[in-house]
**Student:** 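Have a look at this one before I ask anything.
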Amino acid sequence: MTTAAESATSLVQSVDWLAIAPPLTAAAVALVVLVADLFVAEARKPLLGYGAVAGLVASLALIIPLHEGDRSTFCLTTGSHACSYTADHFTLVIQALVLGGALLTALLSIGDTRKLPAGEFWFLLLSSAAGAALLPASRDLATLVIALEVASLPAFALVGIKRGDRRSSEAALKFFLSSVTATAVMLLGVSFVYAATGTLHLTDLTGRLGHVDPRFSTLAGAGVALTLVGFAFKTAAAPFHFWVPDTYVGAPLPIAAYLSVVGKAVGFTGLILVTVIAFPAYADVWGPALAVLAALTMTVGNVAALRQSASRARSAVRLLAWSSVAQAGYLLVPIAAAAYAGERRIGSTVAYALMYAVVNLGAFAVAALVARTRPGNRLDDYRGLYATRPLAALALAFFLLCLAGLPPGIIGLFAKVTVFSAAVDAGLGWLAVVMAVNVVVALYYYLQWTAALFRAPVDGEESAPALRHRVPAPLTAAIVLTAAAGVVLSGAPQTVLRFASVNLF
């Protein structure tokens, strides 16, 4: 007869510390930075930023020993042996993306946090990065929601961290209210799914949702729908995108860059996990729904980007914000295709996300450079940038051409090809046509901005001495790193096609 001690022992879950090392390191460094802020003199506050950068580099380095992608921890010791944390290839790629995005955000922020509370800023950024790194490894709905909120809650504070700035406070409030609403809807959906199936583990849900008691089928369907709606908010899919432009404009520019890449990656990662792993039994429902959302999102984003006035204050950031909404539509296409052609289509979304992360962070880095002398950050402020900052202008032109999918930004073209092929292979020809039309529409505003960089400056602009100020080394490093990564990827674009065809799970 099994004793109480033996039963208790059987419930003990071993912890694979190496598997959880990347998010754990980011979280630990966040606490160290927060405590160190109490003892560091004001003149030495920049050291906290360099400490945060070192912590993110260490977190990235700890992904390397996990390259085999076959580790799991926090597993049930009885029954299905399902695990709550899995470090597979999908997890490692997304962790590299979000931690790399956080690292570039940190480089953009060093020297730009003079008027911000340094300790709080770096603590919040590292905490959000830790949550973002935890999310792709989450394999139960409870851990997934917790990781999502750990990534999101510090972001609210980062958006509104500019004390006394009305625009920043308004942006934080809009972001907070929309995100809290999304979380409430998602939690209601998760509770319905749990009530209908009796489990939260994604791998167990795969089988149980296909054999739900008929009395609970309506409850399970409602839970799946509400969970997906919650993630639609997080990914800024239309019509749940309304918070994006004002949030990006009101936030500090590095945080806008962070939200456009890491925040978006978090939402899409969660959406991929629940659709492909947990809810394949409802693929006939979420497949068409995501296809419609993809078409609507890319169209709304591109039309709004077309309407941006070059003379409007912060129009450059607004254009990048609406562009990110349109790009979210492209990212949704392979996920919708996975409902028809299997989970291998997910590689196209991840490949596109990696390309988008590199070039979009690069575009924000150049925008941060321009904002140092032109805080209005209008599109007009970029006219003639080549005459004063030729390397920055060339880098921005390259980033914009990558987003447009034009040479020499070959990586952008090949990334779009993978998304097109995912739609066509899944039989979603109509969605491929909608995407093709949107890509052509987007060419207008990307090329218009690119052309402005090389036009003659407005009278008097070329002599402005402020344009030749010294650029902080971390900001220069961020631009160089993103440009170099984009050039390398454009030199070997076939790697994107190979990556898109790999089964990451």
Side-chain angles (χ1 to χ4, degrees), residues 97 100-101 104 107-108 257 260-261 298 301-302 305-306 316 319-320 322-324 326-327 330-331 348-370 379 382-422 435-457 471 475-501:
L97 190 159
L104 288 169
L107 292 175
L108 292 180
S260 73
V261 172
M298 65 179 75
N302 283 322
L306 283 175
L319 190 147
L320 288 173
W322 285 114
S323 167
S324 76
Q327 299 289 341
Y330 305 148
L331 287 163
S348 299
T349 286
V350 178
Y352 195 96
L354 290 170
M355 179 282 299
Y356 168 76
V358 170
V359 299
N360 207 60
L361 281 168
F364 269 102
V366 178
L369 171 63
V370 173
L379 288 169
Y382 292 79
R383 177 164 179 161
L385 181 64
Y386 182 75
T388 54
R389 293 282 184 190
L391 295 180
L394 289 173
L396 180 56
F398 175 69
F399 297 139
L400 294 175
L401 291 175
C402 284
L403 290 171
L406 292 175
I410 303 298
I411 184 62
L413 173 62
F414 272 65
K416 283 182 169 59
V417 167
T418 64
V419 175
F420 273 116
S421 64
M435 182 179 173
V437 172
N438 274 279
V439 169
V440 173
V441 171
L443 291 178
Y444 177 79
Y445 61 82
Y446 285 131
L447 290 178
Q448 188 178 47
W449 192 357
T450 303
L453 302 173
F454 303 97
R455 288 180 184 149
V471 182
L475 177 56
T476 302
I479 297 174
V480 170
L481 285 173
T482 50
V487 170
V488 169
L489 289 173
S490 290
Q494 67 276 11
T495 57
V496 174
L497 297 180
R498 291 200 201 101
F499 189 87
S501 64

**Student:** Let me confirm one number: the CZ-CG distance from Arg389 to Leu453, rounded to the nearest 0.5 Å.
**Tutor:** 14.5 Å

**Student:** Return the CD1 to CG distance between Ile479 and Leu107, rounded to the nearest 0.5 Å.
**Tutor:** 11.0 Å

**Student:** Can you list the residues that meet the ring pair (Phe, Tyr, Trp, His ring centres under 6.0 Å) rule with Phe420, with sequence neighbours excluded?
**Tutor:** none

**Student:** Let me confirm one number: the CZ-OG1 distance from Arg455 to Thr450, rounded to the nearest 0.5 Å.
**Tutor:** 10.5 Å

**Student:** Please give me the minimum heavy-atom distance between Val358 and Gly486, naming the atom from each residue.
**Tutor:** CG1-N, 3.9 Å

**Student:** Once you round to the nearest 0.5 Å, how far does CG of Leu489 lie from CZ of Phe414?
**Tutor:** 12.0 Å

**Student:** Indicate the atoms forming the closest heavy-atom contact of Ala357 with Val261, along with that distance.
**Tutor:** CB-CG1, 3.4 Å

**Student:** How far apart are the C-alpha atoms of Leu394 and Phe454, what are their side-chain angles, what is the distance that settles it, and do they pass the side-chain contact (heavy atoms from CB on, under 4.5 Å) test?
**Tutor:** CA-CA 9 Å; Leu394 289 173; Phe454 303 97; 4.0 Å; yes

**Student:** Would you list the pairs meeting side chain to side chain donor-acceptor pair (under 3.5 Å) in which at least one residue belongs to residues 476-491, sequence neighbours left out?
**Tutor:** none

**Student:** Is Tyr386 atom OH crowded by more than 12 heavy atoms from other residues, nucleotides or ligands, each under 6.0 Å away?
**Tutor:** no

**Student:** If the condition is ring pair (Phe, Tyr, Trp, His ring centres under 6.0 Å), which residues does Tyr444 pass it with, not counting sequence neighbours?
**Tutor:** none

**Student:** Of all heavy-atom pairs between Val370 and Tyr382, which one has the smallest distance, and what is that distance?
**Tutor:** CG2-CE2, 3.5 Å

**Student:** How long is the straight-line distance from CH2 of Trp449 back to CG of Leu320, given to the nearest 0.5 Å?
**Tutor:** 4.0 Å

**Student:** List the atom pairs, donor and acceptor, that lie under 3.5 Å between side-chain atoms in residues 395-410 and the rest of the protein, sequence neighbours left out.
**Tutor:**
none

**Student:** Which atom names give the shortest non-hydrogen contact between Asn302 and Ala326, and what distance separates them?
**Tutor:** OD1-CB, 3.4 Å

**Student:** Checking Ala257 now: which residues fulfil side chain to side chain contact (heavy atoms under 4.5 Å, CB included) with it, not counting sequence neighbours?
**Tutor:** Leu108, Leu361, Phe364

**Student:** Suppose the criterion is side chain to side chain donor-acceptor pair (under 3.5 Å): which pairs have a residue in residues 397-422, not counting sequence neighbours?
**Tutor:** Tyr352-Lys416

